Amino acid sequence: MKLPPPYYQSQEVVRLAKDLLGKYLYTHINKTITGGIITETEAYAGVTDKASHAYNGRRTARTETMYQQGGISYVYFTYGMHHLFNVVTGKKEVPHAILIRAIYPLTGCETMLKRTGKQKINYQLTNGPAKMAKALGITKKQNGISLSGNLIWIEDKGVSVHKNHIKSTPRIGIDYAGEDALLPYRFILDYKNYIS
DNA sequence: CGTACGATCTGCT
DNA sequence: GCAGATCGTACGA
């Protein structure tokens with residue numbers, strides 16, 4: 001059920017970003033498991049992608065995580081208050097990553113409500129990358145950890161996603177990326193067809 | 001050391 | 001629709 005390490009080592013980061021739709025993301029933090037079904041992702045395609053933190057081979061303390069072998073988390077802090085969660089993919093030294101932008105909340109919902117201060121359990125609880133990370137309890141403490149362990153992992157529960165239910169659009173909040181801002185690297189699952 | 005800005009969210013208009 | 005929150009990160013002096 002848990003995605004095996006070789007899954008993450010594929011070099012096809014855009015295909016993987018699409019493939020992660022319909023999988024289940026879980027965190028086990030502070031003795032509680034929280035999670036849900038992945039409904040929105042964005043691919044960041046290595047050193048040639050102007051939208052990526054690793055564009056042009058930029059290698060710093062922050063981006064170092066992306067250069068590791070696929071199958072670990074990349075968590076970073078932005079806008080002075082938000083943590084964003086990524087899945088590192090590809091082989092070592094090739095900085096591919098996939099930003100998980102949204103899940104549909106299913107597991108540990110009471111905990112996620114408490115973490116976010118929200119009242120209702122619905123898609124709005126976890127429908128943005130920073131909201132999702134907050135609900136799942138993800139901070140920089142979870143940067144660089146293995147997705148094959150028992151803290152953060154992704155499961156394939158056999159949900160088959162039909163491509164008619166996947167929408168592609170340009171990525172969000174990357175206007176600085178020039179022509180790469182137009183690439184259709186954002187993938188959205190029409191979750192209503194998959195959640196009972 | 002100083003400065004500019006961000007893979008966002010919320011609340012108010 | 002838009003401004004404000006709020007600070008780590010990157011980079012140049």
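Below, chain A is the first sequence line, B the second, and so on; all start at residue 1. Bear in mind the structure is a predicted one, so any value in this text is a computation, not a measurement.
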Trainee: Angle class for the His82(A)/Tyr79(A) ring planes (parallel below 30°, perpendicular above 60°, tilted otherwise)?
Mentor: perpendicular
Trainee: Please classify the nucleic acid contact of Ala130(A) as base, sugar-phosphate, or nothing, using heavy-atom distances under 4.0 Å.
Mentor: sugar-phosphate
Trainee: Roughly how many Å is it from CD in Glu64(A) to P in dG8(C), rounded to a whole number?
Mentor: 21 Å
Trainee: Choosing from dT9(C), dC9(B), dA10(C), which nucleotide comes nearest the side chain of His82(A)?
Mentor: dC9(B)
Trainee: Is there a side chain to side chain contact (heavy atoms under 4.5 Å, CB included) between Lys120(A) and Leu125(A)? Walk through the geometry before answering.
Mentor: CA-CA 7 Å; Lys120(A) 291 185 181 179; Leu125(A) 176 57; over 6 Å; no
Trainee: Say whether His165(A) and Tyr194(A), considering side chains only, have a donor N or O and an acceptor N or O under 3.5 Å apart.
Mentor: yes
Trainee: Please give, in whole Å, the distance from dA10(C) P to Phe77(A) CZ?
Mentor: 14 Å
Trainee: What is the nucleic acid contact for Lys118(A), judged by heavy atoms within less than 4.0 Å: base, sugar-phosphate only, or nothing?
Mentor: sugar-phosphate
Trainee: Mind checking Arg171(A) for me? I need base, sugar-phosphate or nothing, with any heavy atom below 4.0 Å counting as a touch.
Mentor: nothing
Trainee: For the residue pair Thr169(A) and Arg186(A), confirm or rule out a side-chain donor-acceptor distance under 3.5 Å.
Mentor: yes
Trainee: Side chain of Leu84(A) only, heavy atoms from C-beta on: which candidate in dA10(C), dA7(B), dG8(C) is closest?
Mentor: dA7(B)
Trainee: Does DNA chain B take part in any stems of at least 3 consecutive Watson-Crick or G-U pairs (both distances under 3.5 Å), and if so, which ones?
Mentor: B:1-6 with C:7-12, B:8-12 with C:1-5
Trainee: Side-chain N or O of His53(A) less than 4.0 angstrom from OP1 or OP2 on dT9(C)?
Mentor: no
Trainee: Just checking Tyr79(A): base, sugar-phosphate only, or nothing, at a heavy-atom cut-off of under 4.0 Å?
Mentor: base
Trainee: Between Lys140(A) and Met81(A), which residue's closest nucleotide on DNA chain C lies nearer the 5′ terminus?
Mentor: Met81(A)
Trainee: Rounding to a whole Å, what distance do you find between Tyr76(A):OH and dC7(C):C1'?
Mentor: 15 Å
Trainee: Rounded to whole angstroms, how far apart are CG on Asn56(A) and P on dA10(C)?
Mentor: 14 Å
Trainee: Heavy atoms from C-beta onward define the side chain here; which of dC9(B), dA7(B), dA10(C) lies closest to that of Ile174(A)?
Mentor: dA7(B)
Trainee: Apply side chain to side chain contact (heavy atoms under 4.5 Å, CB included) to the pair Tyr67(A) and Arg59(A), showing each step before the final yes or no.
Mentor: CA-CA 8 Å; Tyr67(A) 287 84; Arg59(A) 192 158 183 161; 3.5 Å; yes
Trainee: Please report the interatomic distance CG(Asp19(A)) to CG(Leu3(A)), rounded to the nearest 0.5 Å.
Mentor: 8.0 Å
Trainee: With no hydrogens and no angle check, do the side chains of Thr34(A) and Arg115(A) hold a donor and an acceptor under 3.5 Å apart?
Mentor: yes
Trainee: Looking only at side-chain N and O atoms, does Tyr185(A) come under 4.0 Å of OP1 or OP2 in dA7(B)?
Mentor: no
Trainee: Between Arg101(A) (CZ) and dC9(B) (C1'), how many Å, whole number?
Mentor: 12 Å
Trainee: Find the distance Lys134(A):NZ to dA5(C):C1' and express it as a whole number of Å.
Mentor: 12 Å
Trainee: Among dA7(B), dC9(B), dT6(C), which nucleotide has an atom closest to any side-chain atom of Met66(A)?
Mentor: dA7(B)
Trainee: By nearest atom, which of the nucleotides dT8(B), dC7(C), dA7(B) is closest to the Ile172(A) side chain?
Mentor: dT8(B)
Trainee: Between atom CE in Met132(A) and atom P in dT10(B), what is the gap in whole Å?
Mentor: 14 Å
Trainee: Between the base of dA7(B) and the ring of Tyr44(A) - centre-to-centre under 5.5 Å, planes within under 30° - is that a stack?
Mentor: yes
Trainee: Is Arg58(A) close enough to dC11(C) that one of its side-chain N or O atoms is under 4.0 Å from OP1 or OP2 there?
Mentor: yes
Trainee: How many Å lie between CG on Asn127(A) and P on dT8(B), as a whole number?
Mentor: 13 Å
Trainee: State which of dA10(C), dT8(B), dA5(C) makes the closest approach to the side chain of Thr60(A).
Mentor: dA10(C)
Trainee: Can you find a heavy atom in the side chain of Thr39(A) that is under 4.5 Å from one in the side chain of Ile37(A)?
Mentor: yes
